[in-house]
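Note that the structure is a prediction, hence the values are computed from the model and not measured.
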Amino acid sequence: MNFGQTEAILLVAFIILWWLFYFGVKMRADQKYMSSDHNEDMRPCLGCMITQSAMMAAATLVICYGAFLMEWVSFKR
């Protein structure tokens with residue numbers, strides 16, 4: 001199996017999207033935790049935030065890549 005340039009670009013795009021979604025989910029969770037009078041039960045688990053951001057990044061990447069493959073979006077040089 002060859003790991004080509006397209007796969008490398010998609011991997012980097014997934015990592016960047018995951019990182020952005022993770023920070024968004026974490027900041028939102030921290031804001032909810034701070035406004036809930038520091039109730040320990042309201043604090044989300046780290047695994048849940050990581051999984052949620054990975055699923056959001058994967059879904060976004062699939063939608064964008066699908067739009068590119070169906071030629072709804074194109075990039076010209």
Side-chain angles (χ1 to χ4, degrees):
M1 179 175 159
N2 265 345
F3 194 77
Q5 184 178 4
T6 304
E7 288 85 4
I9 290 170
L10 289 173
L11 180 64
V12 169
F14 175 77
I15 291 169
I16 291 169
L17 281 174
W18 176 82
W19 200 251
L20 290 173
F21 280 128
Y22 174 73
F23 277 124
V25 167
K26 182 163 175 38
M27 288 188 337
R28 184 171 179 260
D30 288 345
Q31 185 180 15
K32 278 185 167 181
Y33 173 70
M34 294 305 262
S35 66
S36 68
D37 296 331
H38 303 289
N39 187 356
E40 204 53 47
D41 295 334
M42 293 296 290
R43 187 171 214 150
C45 67
L46 182 63
C48 296
M49 290 190 295
I50 290 172
T51 303
Q52 183 180 6
S53 58
M55 293 301 287
M56 288 169 41
T60 304
L61 195 59
V62 165
I63 290 169
C64 293
Y65 191 60
F68 177 72
L69 287 179
M70 288 191 266
E71 297 179 358
W72 293 345
V73 177
S74 64
F75 300 101
K76 298 196 180 200
R77 292 182 183 186

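In this structure, CZ in Phe21 is found 12.5 Å from CE in Met55, a value given to the nearest 0.5 Å.
Listed by first and then second residue, the salt bridge (charged side-chain N to carboxylate O under 4.0 Å, His left out) pairs that reach into residues 9-19 come to none, sequence neighbours excluded.
Hydrophobic clustering of Ile, Leu, Val, Met, Phe, Trp and Tyr side chains at less than 4.5 Å, counting indirect connections, keeps Ile15 apart from Leu20. Under the 4.5 Å side-chain heavy-atom criterion for grouping Ile, Leu, Val, Met, Phe, Trp and Tyr, Leu10 is connected to Trp19 within one hydrophobic cluster. Hydrophobic clustering keeps Val12 apart from Leu61 (ILVMFWY residues linked when any side-chain heavy atoms are closer than 4.5 Å, directly or through intermediates). A single hydrophobic cluster is seen to contain both Ile50 and Phe23, as judged by linkage of ILVMFWY side chains at heavy-atom distances under 4.5 Å, directly or through other members.
What you find for Met49 and Lys26 is that their closest heavy atoms are SD-CA, 3.9 Å.
Aromatic ring orientation, Trp18 versus Tyr22: parallel (interplanar angle below 30°, classes split at 30° and 60°).
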